[in-house]
*Asks:* 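I'd like to ask some things about the structure below.
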2 protein chains.
Amino acid sequence: MGGDYAPEAIVLGSILAVKDLRPDEKIVLFGDESIINQICKREGFDPSLFEIVPTTEVIGMDDHPAKAFTQKANSSITVGFNMLKKQQIDGFASAGSTGAMMVGAAMVIGAVPGIIRPVIAANMPSNKSVPMVLLDVGLNPDAKPEVLYQYGIVGSLYAQHVFGINNPRVSLLNIGSEENKGNILTKALYPMMNNSKEFNFVGNIEGHDFFNSEKADVVVCDGFVGNVVLKEAEAFYEIVKHKGISDSFFEQFNYENHGGTPVLGINAPVIIGHGISNAKAIKNMILLTRHVIEVKLIDKIKEAFK
Amino acid sequence: MGGDYAPEAIVLGSILAVKDLRPDEKIVLFGDESIINQICKREGFDPSLFEIVPTTEVIGMDDHPAKAFTQKANSSITVGFNMLKKQQIDGFASAGSTGAMMVGAAMVIGAVPGIIRPVIAANMPSNKSVPMVLLDVGLNPDAKPEVLYQYGIVGSLYAQHVFGINNPRVSLLNIGSEENKGNILTKALYPMMNNSKEFNFVGNIEGHDFFNSEKADVVVCDGFVGNVVLKEAEAFYEIVKHKGISDSFFEQFNYENHGGTPVLGINAPVIIGHGISNAKAIKNMILLTRHVIEVKLIDKIKEAFK
């Protein structure tokens with residue numbers, strides 16, 4: 001179990017999630033069995049509704065992700081990835097070390113053949129019932145145009161299958177609306193995306209086009225820019241919260257309402273939660289994982305790269 | 001006269017600004033003399049309080065900036081830059097074509113010796129009485145580390161002399177707090193900034209550190225990222241405004257309250273206003289220009305690069 005509020009928030013979030021699952025679906029928890037049982041008992045919840053896989057180690061935020069993943073073989077992340085690899089579980093989610101999660105995704109699960117670099121998407125608030133999909137948000141800060149082109153494909157599939165958006169409009173985040181605007185990366189990328197038959201490219205969007213979906217459903221950018229954009233949105237929400245402004249639109253900025261984000265372009269459903277996930281966020285992380293499994297997102301991506 | 005609401009907003013803003021000027025200070029207006037006189041008359045304002053330089057051409061948003069700057073020799077921007085060059089005026093500001101303004105700044109005024117690339121800063125809202133200075137916000141989307149290092153110097157001088165911040169804390173916008181985080185650019189830049197004796201480097205900041213000045217007064221980033229960050233803040237303000245939320249903090253996001261931004265690193269005070277500037281924004285643009293002249297910002301920058 002990982003995350004800043006583990007194990008408490010993880011167990012409580014899992015208890016909340018169980019209510020939304022079908023009888024044939026089961027949450028597998030990785031962690032200290034006695035603590036899990038203790039929290040369940042306190043909450044009046046029957047722990048046998050979970051499958052508990054006891055783990056004894058924890059990969060901390062200060063650990064070197066790659067080293068810890070190998071050395072702490074009995075950590076929840078390492079054990080979880082090994083079970084996912086063996087298809088003993090259908091999907092794996094954690095709010096623990098993002099670095100270790102990425103190591104597991106790359107080393108144990110591996111990229112879908114044809115994918116140059118897997119990517120992490122984020123849900124940006126929008127004026128529609130579904131978020132705007134922003135990718136990459138931090139995995140590949142120096143990616144080449146070919147890599148960002150593939151974000152268009154996987155981002156489009158994610159928006160279509162997970163958010164039910166028909167023929168998603170894919171855009172390029174840029175610093176002008178015209179084709180010839182931008183940096184070396186976006187200038188090289190625009191014609192590639194514009195000629196694409198693999199997704200519905202609608203052109204450039206700019207920073208002021210965020211928070212409404214007038215122009216696009218999917219926003220492609222490099223991992224450096226995406227990470228800054230995402231965290232700036234978090235800064236807005238902090239102000240809104242601090243000012244006591246209560247509004248359903250701004251609640252979209254609340255990480256608790258998001259269940260984390262799938263690693264797109266790998267061979268199995270892996271969802272990375274926010275480190276500061278509370279019980280509600282964990283619940284949503286589990287439900288997102290279930291959703292990604294159910295819509296067979298991985299298969300759709302594999303088919304696209306056949 | 002330039003800007004989406006010219007000449008009306010320019011003349012009205014100038015009338016507003018006159019009240020804050022000393023008797024020995026004068027606003028020089030470039031444009032159609034009869035229209036200027038007409039608006040002044042309607043407003044009951046004595047146009048002789050302005051110096052009017054008649055111009056007959058306008059560089060439009062669809063014009064090619066460099067070509068138009070040369071070909072439309074009687075446009076307000078071209079005439080203004082020529083007078084600035086001859087020191088017939090002490091500073092020049094316009095809400096017209098940013099491209100043409102940059103051409104004038106580069107071709108007519110020129111960079112301070114030692115400056116690799118001039119830069120545009122923006123005022124980001126903060127929880128202090130002074131904004132956070134963000135630069136570059138769009139001029140140099142593919143700048144080298146040496147260029148961004150210089151932003152630290154000019155940004156620090158701008159924060160110190162224009163906003164009165166003593167020993168400004170200069171930061172690097174990055175995607176992690178640690179030195180080794182980031183993209184190729186920020187990884188190369190961090191040690192350069194960290195070893196600087198020319199400004200007070202305080203390390204990395206991230207997207208979630210915006211809108212408060214806990215960590216830094218000046219934020220250095222490349223022009224692509226800075227442009228997106230700035231415009232994302234505009235998007236946020238649009239929502240707040242749309243929701244009718246009235247709050248002095250959010251008013252910092254209002255472009256009307258900013259008078260535009262100086263081009264830093266050139267040999268004379270040049271201020272670029274927002275295209276959609278209304279009268280209040282124009283007034284503030286004029287007062288910012290006066291302030292940049294008064295504190296001798298250009299001289300301070302020249303001294304730093306001697």
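In the text below, chain A, chain B and the rest are named by the order of the sequence lines, each starting its count at 1.
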*Asks:* For the CG atom on Asn195(B), are there more than 12 heavy atoms of other groups (residues, nucleotides or ligands in this structure) within a distance under 6.0 Å?
*Replies:*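 Yes, enclosed.
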*Asks:* Who wins among Asn127(A), Asn227(A), Val225(A), Asp142(A) for the most heavy-atom pairs under 4.5 Å with chain B?
*Replies:*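 Counting heavy-atom pairs under 4.5 Å, the top option is Asp142(A).
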*Asks:* Could you list the residues that satisfy side-chain hydrogen bond (donor to acceptor under 3.5 Å, both in side chains) with Ser196(B), not counting sequence neighbours?
*Replies:*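 By the side-chain hydrogen bond (donor to acceptor under 3.5 Å, both in side chains) rule, Ser196(B) matches Tyr149(B).
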*Asks:* Kindly check if the number of other-residue, nucleotide or ligand heavy atoms within 6.0 Å of CD1 (Ile276(A)) is above 12?
*Replies:*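 More than 12 within 6.0 Å, yes.
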*Asks:* What residues of residues 202-214 of chain B sit under 4.5 Å from chain A when only non-hydrogen atoms are counted?
*Replies:*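 Within residues 202-214 of chain B, the residues under 4.5 Å from chain A are Glu206(B), Gly207(B), His208(B), Phe210(B), Phe211(B).
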*Asks:* Give me each pair satisfying side-chain hydrogen bond (donor to acceptor under 3.5 Å, both in side chains) with a member in residues 181-194 of chain A, each pair once, sequence neighbours excluded.
*Replies:*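 Qualifying pairs: Asn174(A)-Thr186(A), Glu178(A)-Lys181(A), Asn183(A)-Thr186(A).
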*Asks:* Side chain to side chain contact (heavy atoms under 4.5 Å, CB included) for Val228(A) and Leu173(B)? Distances and angles first, verdict last.
*Replies:* CA-CA 8 Å; Val228(A) 171; Leu173(B) 182 57; 3.8 Å; yes
*Asks:* Using a 4.5 Å heavy-atom cutoff, which residues in residues 229-247 of chain B come close to chain A?
*Replies:*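 Residues in range: Val229(B), Lys231(B), Glu232(B), Ala233(B), Glu234(B), Ala235(B), Phe236(B), Ile239(B), Val240(B), Lys243(B), Ile245(B), Asp247(B).
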*Asks:* Looking only at heavy atoms, which two atoms of Gly182(A) and Pro141(B) are closest? And how far apart?
*Replies:*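 Residues Gly182(A) and Pro141(B), closest heavy atoms: O-CG, 3.6 Å.
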